[in-house]
Number of protein chains: 2
Amino acid sequence: MEKVNLREKFALFSDHWRPRIAGELNGQQVKLVKFAGAFEWHHHVDEDEMFLVIEGEFVMEFRERKVELKKGEFLIVPRGVEHRPVAEREVQVMLLEPAGTVNTGNVRSELTAERLDWI
Amino acid sequence: MEKVNLREKFALFSDHWRPRIAGELNGQQVKLVKFAGAFEWHHHVDEDEMFLVIEGEFVMEFRERKVELKKGEFLIVPRGVEHRPVAEREVQVMLLEPAGTVNTGNVRSELTAERLDWI
């Protein structure tokens, strides 16, 4: 039961799109990830996903609209809804989703992070 | 599916210890709360709780130790662990816990928030 300092954790890695696990509660995991560029279009069949911007900004694209997210803002993407995050510049994001959620959801690609590490 | 700006939401209320619901996913709720002073000693039988400091700082007291939490830091308190938050000055906290979690856990007091509103 140790506290997590987000700034310190984000300083420990520099790659993009590969979430690190920073906490677990009630079957959910808190993950830290850096986005840069455009991700894959995908959805999650059984998992709702929360995105909280810690530093920077990005755009969550849906098929019919976009949501701009800045530091201190969060968005919950319900299961089944196709989406793709796009970050013009690097952004630090805290995710909350069920343990075992795969980052690319229903899609497999070179961006799929198969096994996540704790940080 | 609307984004939530934490600063804007925290500006909408000024009381202490009464969480507002700001989001829901996978049976969990994201709650916003302001702490000031000392809360009740309590535990949650079946719920793990996450505390992320958005603005300010507070101390999470346990029977055998304390954890100081500042802006940008989070702590997960596992179910069954007795705790009490103490804030010397007002602090803004984002909670994550299962829907239906009562703020005072196994204890009922004047600080118990029986029915929470969305914000």
Side-chain angles (χ1 to χ4, degrees), chain A residues 1-11 21-32 44 46-55 57-83 92 94-101, chain B residues 1-11 21-32 44 46-55 57-83 92 94-101:
Chain A
M1 192 166 47
E2 297 300 324
K3 73 176 179 182
V4 172
N5 181 296
L6 295 175
R7 186 185 311 213
E8 288 174 11
K9 293 295 188 190
F10 275 112
I21 303 168
E24 186 159 350
L25 70 165
N26 307 305
Q28 315 293 304
Q29 285 180 334
V30 182
K31 299 176 183 175
L32 307 183
H44 301 276
D46 292 317
E47 300 102 345
D48 310 322
E49 254 186 328
M50 175 173 165
F51 299 78
L52 170 63
V53 180
I54 303 301
E55 199 65 59
E57 56 189 77
F58 77 101
V59 177
M60 186 63 81
E61 293 188 5
F62 302 99
R63 290 300 187 181
E64 305 292 331
R65 61 191 278 247
K66 299 178 180 185
V67 177
E68 296 181 9
L69 287 162
K70 296 184 174 159
K71 179 176 177 172
E73 295 181 332
F74 76 78
L75 181 69
I76 294 172
V77 178
R79 61 195 70 188
V81 175
E82 213 175 11
H83 61 283
Q92 300 177 358
M94 194 185 88
L95 302 174
L96 186 87
E97 56 194 19
T101 300
Chain B
M1 192 165 48
E2 297 301 324
K3 74 176 179 182
V4 172
N5 181 294
L6 295 174
R7 186 185 311 213
E8 289 174 10
K9 293 296 188 190
F10 276 112
I21 303 168
E24 185 159 351
L25 70 165
N26 307 304
Q28 315 293 306
Q29 286 179 335
V30 182
K31 299 175 182 175
L32 308 182
H44 301 275
D46 292 317
E47 300 102 345
D48 311 321
E49 254 186 327
M50 175 173 166
F51 300 78
L52 170 63
V53 180
I54 302 301
E55 199 66 58
E57 56 189 78
F58 77 100
V59 177
M60 185 63 80
E61 293 188 3
F62 302 100
R63 290 299 188 182
E64 305 292 331
R65 60 192 279 248
K66 299 177 180 184
V67 178
E68 296 180 10
L69 287 162
K70 296 184 174 158
K71 179 176 177 172
E73 295 181 332
F74 76 78
L75 181 69
I76 294 172
V77 178
R79 60 195 71 188
V81 176
E82 212 174 11
H83 61 283
Q92 299 177 359
M94 194 185 89
L95 302 174
L96 187 86
E97 56 194 19
T101 300

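Just so you know, these numbers come straight off a predicted model, no measurement behind them. Order of the sequence lines fixes the chain letters, A, B, ..., with proteins taken first and strands second; residue numbering starts at 1 for each chain.
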Contacting moiety of [X], where chain A heavy atoms sit under 4.5 Å:
X: B:V53; result: neither
X: B:E24; result: backbone
X: B:M94; result: side chain
X: B:V67; result: side chain
X: B:L96; result: both

Between A:F62 and chain B, with a heavy-atom cut-off of 4.5 Å, which part of the residue counts as in contact: side chain, backbone, both or neither?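 Side chain only.
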
Top contributor to chain B interface from A:N26, A:I76, A:L6 [non-hydrogen pairs under 4.5 Å]: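 Most heavy-atom pairs within the cutoff with chain B belong to A:N26.
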
Would you mind telling me which of B:G72, B:A22, B:G23, B:G27 has the largest number of heavy-atom pairs within less than 4.5 Å of chain A?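 Between B:G72, B:A22, B:G23, B:G27, the count favours B:G72.
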
Which one, B:V30, B:D48, B:I54, leads in non-hydrogen pairs under 4.5 Å with chain A?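 Option with the greatest count: B:D48.
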
Below 4.5 Å, heavy atoms only, C-beta onward: do A:M1 and B:R65 meet side chain to side chain?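 Yes, their side chains come closer than 4.5 Å.
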
State the [atom1]-[atom2] distance between [X] and [Y], to the nearest 0.5 angstrom.
X: A:K3; Y: B:L75; atom1: NZ; atom2: CG; answer: 9.0 Å
X: A:R79; Y: B:L25; atom1: CZ; atom2: CG; answer: 9.0 Å
X: B:K71; Y: A:R7; atom1: NZ; atom2: CZ; answer: 9.0 Å

